[in-house]
Trainee: 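Quick one: the structure is below, and I'll ask about it shortly.
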Amino acid sequence: MSKPKVAFYWCASCGGCEETVVDLAEDILGVVEKVDIVLWPVAMDFKYKDVAALPDKSIFATLLNGAIRMSEQEELAVLLRRKSQYLIAYGACAQLGGIPALANQFSREQVLKFNYEDCPALANEAKTRPQAQFTEAGRTPHLSQLHHVVRTLDQVVDVDFYIPGCPPTPNLTKAAFEALLSGKLPPKGAVLAPDIALCDECERKATKPTDVAFTEFKRPHQGLWDSGKCFLAQGVVCMGPATRSGCGAACTSGNMPCTGCFGPTSRVRDQGAKMLSSLCSNVAAKDVAGIQQALAGIPDPVGTFYRYGLAKSLLRRRVDLPA
Amino acid sequence: MSAKKEELRIGFYVCHCGHNIASMVDCVAVARSVEKLPGVALARDYKYMCSDPGQVLIQQDIREHKLNRIVVASCSPLLHEHTFRGATEAGGLNPFYFHMVNIREHDSWVHTDRQEATEKAKALAEAAIRRVAHHKALEIKKVPIHPDVLVVGGGIAGIHAAMTLANAGKKVYLVEREPSIGGHMAKFDKTFPTLDCAACILTPKMSEVGSHPNITLWTYSDVTKVDGYVGNYTVQVKRKARYIIEDLCTGCQDCIPNCVFKEPKFTDDFNEGLGKRKPVYIPFPQATPQVVVIDPEVCLNFKRGKNPDGSPIVSDKCKKTCVEACGEKNAIDFTQKDELKEIKVGNIIVCTGFKTFDAGRVPAYGYGTYKNVYTSLEIERLVNASGPTGGEVILREGKNPDGSPKTPKSIGIIHCVGSRDKKTNIWCSRVCCMYSMKLAHLLKEHTDAELYNFYIDMRTPGKGYEEFYNKLLEEGTHFIRGRVGEVTDWAMTPEEEGKLVIRVEDTLAGVVRRIPVDMVVLATGLEPQADAGDVRRLFNMSCGGDGWFLERHPKLAPVNTFTDGVFLAGCCQGPKDIPDTVAQAGAAAAEAMVLIDRGYVEQEPNTAFILDQECSGCKSCIPLCPYTAILFDEERKKAYINEALCKGCGTCVGACPSSSIVQNLFEDSEIFSEIEGVLSYD
Amino acid sequence: MTKPWTPRIVAFFCNWCTYTAADLAGVSRLKYASNVRVIRLMCSGRVDPQFILDALARGADGVLIGGCHPGDCHYVEGNYKMLRRFELLKRMLVDFGIEPQRVRLEWISAAEGEKVKTVINEMTQQLQALGPLGMPQKFTAWDQELEHLAQAVQARDAAAGPCPTHAAPSPTPEVVHV
Amino acid sequence: MKYAYFPGCSLKGTGKAYEESLLPVMKHLGVEMQELDDWNCCGATAYMAVDEGKACAAAARNLAIAEKSGLQQVLAPCSACYLVLNKTQHYLHEYPGMRQTVARALETVGLRCEGTSAVRHPLDILLNDIGLEAVKQKVTRPLKGLKVAPYYGCQIVRPYATFDDQTNPTTMDRLLEALGATVVKWPLKTKCCGGSLTGTLPEAGLRLSYILLKEAIKRGADVIATVCPLCQFNLDAYHPKISARWEPVPIPTVYFSQLMGLAFGLPDNQVVLHRGMIPMKPLAAPAPAAAAAR
Amino acid sequence: MDIKRTIKYEADRVSGFGREVMAVPGCEALEHCIQCGTCSGVCPLSIYMDYTPRQVMELVRSDFKNEVLQSHTIWLCASCYACTTECPRQIRITDIMYELKQRAIKEKVYPKRFPIPVLAEEFTKMVHDYGRISETWLVSKMYLRTNPVAALGMAGLGMNLMKTGRFSLKQDKIERRSELARIMESVDQQNQKAQA
């Protein structure tokens, strides 16, 4: 009897999620033993048409990472959705939009102009831009096009489960595989990580006093931080309280504050708004000038509170940009 | 897996409130539109939902139609939420399966376009329908009431409220800022319109207060801190050092004549600065308690400096003849310090009174410039037999040829000084017309002078008041309808020389007049106390835009405040005369007794709680709670809320970064569904 | 006939001051624009920034928050907490391309029925001048680029003929949702 | 310190003594005054009676010119000018309709009035910008023994001025005291002199001036100090008519700036006392010490 | 004895007049008048008026347009602002007087040969023509139009002014008279448009 078919695919992402699969180390053998991989562009050579040729729902599970920002990615997402019983958004980009979704603060034109014209590291004097199609030697290839809006996977197709993280940890991935293969699955739409904020597993938690009152905020590069003390107690924005746990507090263990890649808990609709609310409520000042002065340490609230979650935020995108 | 969700059966009722709502909102259309919403089992419109039949309708429908949620669209929930929760409960449902929509105060009464108002009502109704689906059954908690009462302020209001409660067997703490109780009334000579002597009717009450076994009287004391909530207030009172041991002072006042100051030379506030007193003094003969006070600002025993704790430095330079005179009683103690007392009470009655308007703020009337311009309160002391002149009305400036002080031959009383004026106070001070006439009568009696009253409108709405006006007319007092333009000493004619001239339009005759007089009396209005803002914060009350403490409802709850267990009486709530003040004080005492005798209060179950499983222990919420109701369990590394301390503001809920705190009655899901609802219309 | 557009304002009023002030405006029969829909909370401190964003995302053109004057909060300091959130939120909304006039925080005491009227009228006028925010319409417009492809894929699939049938279904574990 | 200077028509005509004395005094105090380019009549009390919109537009032209000059502080010594320019500012702020009308009218000639300039009175500037200490330092010939009745008139303190009390102003009192003069307290400080009624309805108008003169004498004043060219004109130039109608009231009325010049020891042609019809009694000779110091 | 009927009929009122005046910038607060008479009490000229300022306020509010516009009171107002400053209802009485003067001039209902409105008109005209006022010319023009005989009585004053160097026959002018004219013209056009 043949094994369950599994597909991996990457859209707008850095590739880190793919690395994670490899990071399963010897456990990957266990996985490979139990499944048939039908698509894994980073490691194996399959053609899209092979996938297209598969019967609908014939793939047991697809782990798709990356945000959807190009027409090709959208197309593959739609295709894989059709072919898979379970479509799993794998990693922060697929789940929340991730770093690529920060582009939602700019218009497509702004993005293209910067990348093909203004970027200082660029040598493109002709200011050539990628075309949707071109004809050469009688052939007309079509190129993938950049969407106006960067989207999460579930804003394009129906998603069954989410594995959070930038990237997801091997442990979560392994646990997800085990759950999938054992058939003991949570309700549809679940995030396969603990539904409790990061502080729960952060070793610094004990050092946070119960009377924090912020007078200023610092960014990570603006100081040397006590490696044992809660970042918030040191005045550094740490997204831990508003972010799911499950990463093993990897960043805070490495003396960097949490930036929120696991996304919010299930009870939260907008991770950034909640973190903003929590931080601001605890500012010490009572007058507008004092409050503004304290909050001046957060010069880029969108980038701070929605580093991974902009596409998934309630407003999704800078609202005055063209469709 | 969770149990199958019970099917929603919402009953919706829209109230016409007679024409109040129906004239601006198409109630039938609202009911028809709500009817179609998911979960709605029935939707009705009805003339008066708050009436008995309206309430019975809800109860019947709950039984007959198996309703499990109720929404009523009518007036403000602050008015009738309680009523409809009661009806819901009487119908056999948990009262919190009810939600109320305000389409009167927030809709029909404030809009002018029927279609728009109807659309708004529909949207608000839809929001409630969506919201109520998330409602949960909650339990009302009963909290016992501490039977003692704090009365703040010892004027006639405080005295009457304290006496009423004490006579009913309740323990009362009466706290007064001045060395004696009595307030403004103790300064008055006679009271209108009956002209009975203020002291004669007040002082017996004062001494009763002083000796009542159920009243703890603390004069020369300030309330400095109030904690807790209805039924359970903890109050801190500062008893200021009076340098006299109250229990040892017998009130013999032997110390006063023996003070090293032979003559009184310091401003006597009780006599409005018209008299003088010594450093050791008793404010007035009938003062309660009969205990003297030493003023450290002027007593030679004190240096003009402060110890680190804020108390004045004792100098020991004086011969201390007062101590000698006190003798074995040993009641004088120069080392006395302010003392902080903490008491527990269930209810508080605030009777902090008023201050009179500072007449110097109307420079055109010359108070402070011309010596013979007086305030009405100064005249009260001047005509008072126990006042600084023994009741003789003599002018501050000017002597008779024989050198004796001059008595006025003509007096002008100017009404509405600091009242009915947008530049000072816009309100009518309500008592000035009457007391001006009273003073006119008394001055006439004392001096036989020619009296002029300058008024804008005569306001005499009270029992026997108009009759009093008539009496004054009979006495020959001139009433000139016109607000005085200016008081000046510049003469145009020989008879004006050396006089104060009042320039005014006699609006009834339609002519401008100049009237020379010897004395001008300014009928100053009533103002909130200078520290009303602090007092308001102390007791968690509200102030109106004018600065008077705000009653919960101008008609239906005139002595209640927005804080349960805190009541108002007397002029701190707005200008009023003595009968009204006493009536209000009695009402406030009765309101307090309602709570005491019931023994408990019901608490709105809108407290917050932390989802224990979900709390990550980030501690963000802990510093936010002003009542320290949120604690951190060090063992389990999670926060938890002490429900008894939580007052249900929801600030921690709004701030919890992982949404792990829930507020009953205001859950996230309930509010999100309300937002969805109000935006559902086209 | 379509109604001319008028702004939609969602208001969050605290129970003790602003909600009561709005009641007072009613009792005083003051007249103001009907564009505002009030949601009652116990304290402005309960206003979660999520509520504001959610209201905007669901079609509000403006959000008004009303609380007690500084120092007058029924719950001591809830209004300060709102003020602090508001200060950063306002700045963040500008970064989101939303005009700061769309979100307004006002201190309105229980006695200031008149202020309820002026604030609502003023805000309605300002929003009228700004025009609709129209987030739901924006979301639809943004997502039109997806429909292109969906249509193209459909067309291509139709041309390519039906997919292979479920001849060989993938073996799958039995699923129990826990 | 530099101010835009709006003299107004009177200071170029019958009130020239005001300008002739004020400019040297200000210069002496180190204040620079730059006359507004091509200023026009403010409209005074008469224009408002004819057309409100045009009155505002005419006054606003001056404000626009001031804004263009970059000098945000406009010094207007004449009471009527001071009031009208201030009133115009208020109207432009308070009434959007008026603001629009005026803006459109100014636009036709390329002018803009944003309402950013502040209209200031010399008394305001002397007390609040320069300060009495600086004034005192310049006094070389204190006005010892000179009893002065300060007369503010009606229009500078009310209703738009904020630098002094509307009913009982004191800025000039304090200034005169700083000059060493004795200030006579009298209740007519802000009473109306009759304004233009002295010419149009003399029986009513002149009577008001008469009361002022009579009362100042009665209170023992040697001289009345004024801030307004119209007040000065009424009290001074109508003097013979008043005396003929009622009784002789021989008391001179001078500008406060003339008294300042006198106290600063400025030359006669900068104090211009000869412009008044009633001579001021000579000051007591300076004390020898003061003379030596000079 | 000459007796006169003083009753007012509703037909004597010009309905809407009060509202119209109160709609003018500066005149809004009139609706709050409580008829206290402070305005008359402080007015230095009220002793000469046919109606006291307070009465004028009530007449305006009650739509007695003809009585108000023909009254002497509005012309006796010297714009000293005492009433405006002291009014307990913050009614800008002076500004209301200005508005009434404007209406009286527009409707030409002021007393003939009455110098005050003539002065106002001449003043306005001079501002239009020259941009500035030359007092000597202004006063002369006023007397010529109202009471040339009385001008003779002013000769003494002129002499005195000459003696003190304050008499000038020079007509002061601004440079950019066309600029001012254009501004005024624009206001006129806007007003006409608004009326149409």
Side-chain angles (χ1 to χ4, degrees), chain B residues 1 75-79 102 104-113 115-117 119-120 123-124 127 533 536-537 540 542-546 550 552 554 562-563 604 606 624 626-627 647-656 659 663 665-666 668 671-672 674-682, chain C residues 3 6 8 10-12 14-17 19-20 22-51 54-55 58-60 68 71-78 81-82 85 109-112 114-117 120 136 177:
Chain B
M1 297 210 73
C75 50
S76 169
L78 303 183
L79 208 62
N102 185 345
R104 194 179 73 174
E105 284 84 346
H106 287 199
D107 191 356
S108 70
W109 277 353
V110 288
H111 301 319
T112 47
D113 182 312
Q115 198 190 339
E116 283 179 15
E119 286 305 307
K120 179 168 173 176
L124 292 172
R536 174 175 64 82
R537 274 179 211 114
N540 208 348
S542 300
C543 272
D546 43 20
L550 199 63
R552 176 169 255 172
F562 287 96
T563 304
E604 180 87 353
N606 57 12
L624 299 179
Y627 309 106
K647 300 219 173 131
C649 65
T651 301
C652 57
V653 188
C656 174
S659 287
Q663 184 186 11
L665 284 174
F666 294 93
D668 279 0
I671 297 163
F672 279 125
E674 231 181 317
I675 296 171
E676 214 177 310
V678 293
L679 289 168
S680 62
Y681 64 103
D682 297 319
Chain C
K3 270 195 303 185
T6 55
R8 306 167 177 214
V10 174
F12 299 96
C14 89
N15 183 63
W16 304 98
C17 287
Y19 194 89
T20 311
D23 274 6
L24 175 65
V27 173
S28 317
R29 308 297 200 276
L30 305 179
K31 302 296 175 204
Y32 56 79
S34 67
N35 305 54
V36 74
R37 273 79 174 122
V38 176
I39 293 176
R40 180 170 70 112
L41 300 170
M42 293 313 284
C43 177
S44 55
R46 175 68 183 92
V47 179
D48 186 328
Q50 289 188 108
F51 297 164
D54 192 58
R58 284 187 189 280
C68 308
D72 292 357
C73 177
H74 189 82
Y75 301 102
V76 192
E77 297 200 332
K81 279 130 198 170
M82 185 56 224
R85 296 169 196 160
S109 84
E112 294 175 314
E114 192 69 37
K115 190 166 176 188
V116 170
K117 173 185 139 175
I120 289 175
H177 284 289

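Reminder, nothing fancy here: chain letters follow the sequence lines and each chain counts from 1. The shown structure was predicted, so the numbers you read here are calculated from the model rather than taken from an experiment. As a basis for the values below, the full set of heavy atoms in this structure was taken, side chains included, without hydrogen atoms, waters or symmetry mates.
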Trainee: What's the shortest heavy-atom distance between B/T651 and C/C43, and which atoms?
Mentor: OG1-SG, 4.2 Å
Trainee: Identify which of B/L79, B/N540, B/D107, B/L124 forms the greatest number of heavy-atom pairs closer than 4.5 Å to chain C.
Mentor: B/N540
Trainee: Which bit of B/Q663 is near chain C, if near means a heavy-atom gap under 4.5 Å: side chain, backbone, both or neither?
Mentor: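 Only the side chain of B/Q663 comes within 4.5 Å of chain C.
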Trainee: Side chain, backbone, both or neither: which part of B/C652 has an atom under 4.5 Å from a heavy atom of chain C?
Mentor: neither
Trainee: Under the 3.5 angstrom rule, does the side chain of B/H111 hit a backbone N or O of C/K31 as a donor-acceptor pair?
Mentor: no
Trainee: Is the backbone of C/N35 close enough, under 3.5 Å, to the side chain of B/K120 for a donor and an acceptor to pair up by distance?
Mentor: no
Trainee: For chain C, which candidate among B/K647, B/E676, B/E604, B/E116 shows the most heavy-atom pairs at distances under 4.5 Å?
Mentor: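 Option with the greatest count: B/E676.
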Trainee: Heavy-atom cut-off 4.5 Å, strictly under: side chain, backbone, both or neither for B/R104 against chain C?
Mentor: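 The answer is neither part of B/R104.
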Trainee: Does any part of the side chain of C/H74, heavy atoms only, come nearer than 4.5 Å to the side chain of B/T563, both counted from C-beta?
Mentor: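 Of all side-chain heavy-atom pairs linking C/H74 with B/T563, at least one is under 4.5 Å.
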Trainee: Mind checking whether C/Y19 and B/L78 have side chains closer than 4.5 Å, heavy atoms only?
Mentor: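 In short, these two side chains touch, coming nearer than 4.5 Å.
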Trainee: Does this structure show an ion pair linking B/D668 with C/R46, if we count only N-O contacts that are shorter than 4.0 Å?
Mentor: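 The answer is yes: the pair qualifies as a salt bridge.
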Trainee: What residue, out of B/D113, B/D546, B/N102, B/L665, has the most heavy-atom pairs lying under 4.5 Å from chain C?
Mentor: B/N102
Trainee: Quick one: what part of B/L624 sits under 4.5 Å from any heavy atom of chain C, side chain, backbone, both or neither?
Mentor: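 For B/L624, backbone and side chain are both near chain C.
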Trainee: Heavy-atom pairs under 4.5 Å with chain C are the metric here; pick the option from B/S542, B/G533, B/P77 that has the most.
Mentor: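 Result: the option with the highest number of such pairs is B/P77.
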Trainee: Counting only non-hydrogen atoms closer than 4.5 Å, does B/A655 touch chain C with its backbone (N, CA, C, O), its side chain (CB onward), both, or neither?
Mentor: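 Both backbone and side chain.
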